[in-house]
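A short worksheet on the structure shown next.
Predicted model only: the values in this text are computed from it and were never measured.
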Amino acid sequence: MEERSRQRYRSKRIQSWEKEKRESGRNQESKENREPGRNRGQKENRGLGRNGGSSGKRPQRRKRRRRRQQVALRIGICAVLAALGILLIVLLFMLGSAVSKGVKGGDFSGFSFPWEKAEAVIMLDAGHGGKDQGTSYGDILEKELTLEITKRVEKLLKDAGYAVEMIRTGDDSMNVYERSRHANQKEPDVFVSIHCNFLERGEASGIETYYGKDRGQDSQSLAEKIQASTVEKTGAVDRGARTEDFVVVKETKMPAALIEVGFLSDPHERELLQDEEYQKKLAQGIADGIMDYWESQKEAETGTDTESSSDTP
């Protein structure tokens, strides 16, 4: 009896253990089957926003916002740099104008802005240049003397508020027809060519100024005013304003004059033409003559306008 009871008890235990094992296996399988779905649900739930939207779009929106902010910042920096560049250019123009006009202390009359309109545009032609040395006496060359004097005239005119263009600023070669074409292309208000004279035989000295034979009253007036002013400043012999068909006064379309500032063939004038102080007097006389001519032109235009307006009922 006891043996049967033991076997029955053992059998129940085994059955109970096997049952637990089977149930444990089922639970494990059920858990494994449920996990993927739960994970998917969690991932899907994470992707959903409060309003049903995707929270994954938020980083994209932030990136776009940051990009817009960066672009706006770059545009702002470029605008500031451009404004500073313009201000620097204006300051440099003002400083250059002040230095060129010799502004001292609190006198700001020498300042000028780049957008200010020039009084007039004057084209200056330093005669000869390059292989064409012009007249000469030993190592004294016309092309060098004319360039020095022309540069002095340029400075005086610029200081007075005129715009100046130079045919040459160095030892450049350009024939007279090229000079005339260049002037006609640029269309200055006035053209003035500067030369030195020479007489092979005999004696001659003094200053003379030429204008085109058929160029009208404006060129004649320009030549006469340059001649009178330069003679007055230097005290040289007045050889007068004359007509001659030089290419640079004949082919140019604007009022034009050619001045012979002295004779290299004359010992006294040859010495004067090399003197810095005499060169300054020559330059002042030429510049004054040009300005005198231009002022007279403005007065004539104003007088004409006044007369025409007074005749109007």
Regarding [X] and [Y], is there a side-chain donor-to-acceptor distance under 3.5 Å anywhere?
| X | Y | value |
| --- | --- | --- |
| Ser193 | Asp125 | yes |
| His182 | Ser180 | no |
| Gln297 | Glu301 | no |
| His195 | Glu260 | no |

Salt bridge present between [X] and [Y] (N-O < 4.0 angstrom):
| X | Y | value |
| --- | --- | --- |
| Lys155 | Asp159 | yes |
| Lys298 | Glu295 | yes |
| Lys225 | Asp292 | yes |
| Lys213 | Glu244 | no |

Gap separating the [atom1] atom of [X] from the [atom2] atom of [Y], nearest 0.5 angstrom:
| X | Y | atom1 | atom2 | value |
| --- | --- | --- | --- | --- |
| Asp172 | Lys143 | CG | NZ | 10.0 Å |
| Ile286 | Lys233 | CD1 | NZ | 12.5 Å |
| Leu282 | Ile194 | CG | CD1 | 9.0 Å |
| Asp245 | Lys250 | CG | NZ | 4.5 Å |

For this session: Evaluate the criterion side-chain contact (heavy atoms from CB on, under 4.5 Å) for residue pair Met166 and Thr150; output intermediate values, then yes/no.
Result: CA-CA 9 Å; Met166 302 277 282; Thr150 304; 3.6 Å; yes
Quick one: closest heavy-atom pair of [X] and [Y], and the distance?
| X | Y | result |
| --- | --- | --- |
| Ser205 | Phe263 | CA-CD1, 3.6 Å |
| Asp218 | Pro255 | CB-CG, 3.9 Å |
| Ala236 | Ile207 | CB-CD1, 3.7 Å |
| Met174 | Arg179 | O-NE, 2.7 Å |

Exercise. Of all residues at least two apart in sequence or in a different chain, which pass the ring-ring contact (aromatic ring centres under 6.0 Å, His included) check with Tyr210?
Worked result: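 By the ring-ring contact (aromatic ring centres under 6.0 Å, His included) rule, Tyr210 matches Phe246.
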For this session: Report, as yes or no, whether the 6.0 Å neighbourhood of atom CD on Glu271 holds more than 12 heavy atoms from other residues, nucleotides or ligands.
Result: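 No, not enclosed.
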Exercise. Counting heavy atoms not belonging to Phe198, are there more than 12 under 6.0 Å from its CZ?
Worked result: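 More than 12 heavy atoms, drawn from other residues, nucleotides or ligands, come within 6.0 Å of this atom.
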Exercise. Under the side-chain hydrogen bond (donor to acceptor under 3.5 Å, both in side chains) rule, what pairs show up with a residue in residues 276-290, not counting sequence neighbours?
Worked result: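 For residues 276-290: Glu148-Gln279, Arg152-Gln279, Gln284-Asp288.
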Side-chain contact, heavy-atom cut-off 4.5 Å: [X] with [Y]?
| X | Y | answer |
| --- | --- | --- |
| Ile140 | Gln274 | yes |
| Val121 | Glu165 | yes |
| Cys196 | Thr146 | yes |
| Met123 | Val190 | no |

Exercise. Other than Val71, which residues form its hydrophobic cluster under the rule that side-chain heavy atoms must be closer than 4.5 Å?
Worked result: Ile75
For this session: For Ile167 and Leu124, run side-chain contact (heavy atoms from CB on, under 4.5 Å): C-alpha distance rounded to whole Å, both residues' side-chain angles, the deciding distance at 0.1 Å, then the answer.
Result: CA-CA 6 Å; Ile167 290 290; Leu124 298 176; over 6 Å; no
For this session: Please assess Glu144 against Leu147 for the test side-chain contact (heavy atoms from CB on, under 4.5 Å), listing each intermediate value before the final yes or no.
Result: CA-CA 5 Å; Glu144 294 177 354; Leu147 185 59; 6.0 Å; no
Exercise. Step by step, would you call Met254 with Asp189 a side-chain contact (heavy atoms from CB on, under 4.5 Å)?
Worked result: CA-CA 6 Å; Met254 68 291 306; Asp189 296 297; over 6 Å; no
